[in-house]
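Down below is the structure, laid out as structure tokens.
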Amino acid sequence: MDEPQVPLDVQESFEPSTPVPDAALRPSLWGTMLEGARTLVFMRPRWQRIKASAAIIALLVALEIALTMLFQRMYVSGPASFHAEALGSGWIGLMLYAWACYALRPPQANTPANAPSTAQLLVLVLAQSLCLLLVVGPLYAVLLRTNALANLPNWIPLTIWLAPIAWGTLAALRALLWAPGALPLGRLAAFVAIALGVAAHVMIAPNPYWTVAAAGQAQPDEESEPALRFTQEIVEEQEPLLDAQLAALAPQRPGVIDMYTITFAPYEGEEVFRRESRMVSEVMAKRFKAAGRGVQLLNHREHLTDIGWATPLNLQRAISSIAETMDRNEDVLFVHLTSHGASNGELAANFWPLDVDPVMPTDLRQWLDEAGIRYRVLSISACYSGSWIAPLASDDTLVMTASDATHTSYGCGRKSDLTFFGRAVFDEQIRSKTLSFEQAHAAARIVIKKRELEAGKDDGYSNPQIKVGSRIGPYLKQLEAAVQ
């Protein structure tokens, strides 16, 4: 049978000269997120679905920050302290990923038609990161709230933390390095940038937005104290005041192992640190016959003109001056630092409006080495302080901390009498029960764990750490025998 003939003008109306794009492949925010999820499981990206603009990039970054804040708050049960300064950390990784995307941009002259733009590459990375966060964030919240990681070996929580980083990195490499049009040199530069970004994230972990608020810690709605004022006279009196206190230290006694002490409390506004600094100084003076051989460095509004300020420079000066007074190969220097701590190792400082830098473990190690002090007992009472162990350890050093490198310590609230660590180690053990730092630390670990459980600390046992050098251990036993 002959087919019916269609008039030419009608036939042309059914055959447009330009193809109509598939609506499902048009770029959209939903399509962008879908491609982020698909490429996380190593599927090839469909670049035509990725919507890229300055507004989209800003939106994805803002969403990741907001979700990170939300999930980190879920990690902490009960009262929590918000740290706005965390907004300024963690950006180096994003900048390096942006550099990687720029490096993958093909030359204008021979850009393939299907080559993604630099903005599309960056948007895909951000979408991947956001999708991964939506999976990992709730998982971490469940693990922390159920205390599932508390009694496991340290390598298991570390693996759980590193696994999503490794997965996301491999997915980004798979998606970016096989983007059409990129030259080999550009792929190499992008690989290096991504590797540096991952290393920066692992080695310099972003500061947390939320940490546990200890019992009695002031909440934001409590009445704040008036701002401090530093007059020129107060500032000019500080250096001679510290010099006079250091000059008044008792001299070393030849043939006798003398203990020299420094307590360092750089966080003004938290009364617990002043109390702990004073208590530790008194205990060490009494128990190790260190009276007259100790100096306190403290940031506190009531001690602007009678105690040396707890600044990095003053700590360095105190170490250097004590080194000139003591016998550096016979006497022992004890240093106790107490403050808030960050996961990147910073010992927080606050003395506003005076700008005080935080102290890092490498700073303390450098100052002690430069001073030539051989025998050292170092005590760090802060969250995440286990990260100080490796940088400070040596055969002639005992270093003990209030927590390991991945957990918060407890009891640093404004109305707390003492931190759990300071109370258990110094006030309850060394004050009356033992002169051995090793025995005091071992006993304190048991007490601290019990008290943390009773207080409802649900982000895992703080897990205080200690490292005793091969030579300092026997030497401290000689000191114990001499002062008993």
Side-chain angles (χ1 to χ4, degrees), residues 25 27 29-54 56-61 63-65 67-68 71 89-108 110-137 139-140 155 158-206:
L25 293 179
L29 183 57
W30 166 249
T32 299
M33 292 302 298
L34 180 60
E35 292 310 301
R38 290 178 70 252
T39 54
L40 268 182
V41 291
F42 304 101
M43 298 178 70
R44 188 178 295 275
R46 297 172 296 187
W47 299 105
Q48 67 269 35
R49 293 215 65 183
I50 298 175
K51 189 180 179 79
S53 66
I56 292 293
I57 292 173
L59 175 62
L60 292 176
V61 171
L63 281 173
E64 177 147 0
I65 291 174
L67 285 173
T68 301
F71 290 138
S89 69
W91 291 96
I92 187 171
L94 178 59
M95 290 188 292
L96 286 167
Y97 268 90
W99 173 36
C101 295
Y102 179 82
L104 288 169
R105 185 182 63 173
Q108 294 264 344
N110 53 359
T111 302
N114 62 337
S117 66
T118 300
Q120 283 180 304
L121 293 167
L122 181 57
V123 164
L124 178 62
V125 170
L126 293 172
Q128 283 183 332
S129 179
L130 194 56
C131 290
L132 188 62
L133 178 61
L134 287 169
V135 174
V136 173
L139 174 63
Y140 283 175
W155 67 267
L158 182 62
T159 301
I160 293 173
W161 177 61
L162 289 176
I165 298 174
W167 187 280
T169 303
L170 292 175
L173 288 170
R174 168 67 178 85
L176 296 182
L177 296 189
W178 274 266
L183 298 178
L185 191 58
R187 296 183 197 274
L188 177 62
F191 178 83
V192 171
I194 292 172
L196 290 174
V198 174
H201 183 79
V202 172
M203 298 175 65
I204 313 173

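The chain is numbered in sequence order, starting from 1.
Looking at residues two or more places apart in sequence or on another chain, you find a side-chain contact (heavy atoms from CB on, under 4.5 Å) between Met43 and Arg38, Val41. Partners of Trp99 according to the ring pair (Phe, Tyr, Trp, His ring centres under 6.0 Å) rule, which considers only residues two or more places apart in sequence or in another chain, do not exist here. In this structure Val123 satisfies the side-chain contact (heavy atoms from CB on, under 4.5 Å) test together with Thr32, Ile50, Ala52, Ile56, Ile57, Leu60, sequence neighbours excluded. Taking the ring pair (Phe, Tyr, Trp, His ring centres under 6.0 Å) definition, one finds that Phe42 meets it with Trp167, sequence neighbours left out. Residues passing the side-chain hydrogen bond (donor to acceptor under 3.5 Å, both in side chains) test with Thr68: none are found, sequence neighbours excluded. Taking Ala189 as the reference, Ala103 meet the side-chain contact (heavy atoms from CB on, under 4.5 Å) condition, with sequence neighbours excluded. Residues satisfying the side-chain contact (heavy atoms from CB on, under 4.5 Å) test with Leu132, not counting sequence neighbours, are Leu40, Val136, Pro164.
Counting heavy atoms from C-beta on, the side chains of Tyr140 and Ile160 come closer than 4.5 Å. You'll find the side chain of Leu121 stays beyond 4.5 Å of the side chain of Val125, heavy atoms only. Residues Leu126 and Tyr97 form no side-chain contact, since every pair of their non-hydrogen atoms from C-beta on lies 4.5 Å or further apart.
A pairwise comparison of heavy atoms in Cys131 and Gly36 identifies SG-C, 4.1 Å as the closest pair. Shown here for Leu173 and Phe191, the closest heavy-atom pair between the two residues is CD2-CD1, 3.8 Å. Looking at every heavy atom in both residues, Leu122 comes nearest to Ala98 through CD1-CA, 4.1 Å.
Between the CG atom of Leu185 and the CG atom of Leu104 there is a distance of 11.0 Å, given to the nearest 0.5 Å.
Ile165 CD1: more than 12 foreign heavy atoms inside a 6.0 Å radius.
In this structure, the side chain of Gln120 engages the main chain of Trp47 through a donor-acceptor pair within 3.5 Å. Proximity of a side-chain donor or acceptor of Glu35 to a complementary backbone N or O of Pro45 within less than 3.5 Å is not detected.
The list of side-chain hydrogen bond (donor to acceptor under 3.5 Å, both in side chains) pairs with a residue in residues 125-135, not counting sequence neighbours, reads Thr39-Gln128, Glu64-Ser129.
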Side-chain atoms of residues 193-200: list all donor-acceptor pairs with protein atoms under 3.5 Å, sequence neighbours left out, distances to 0.1 Å.
none

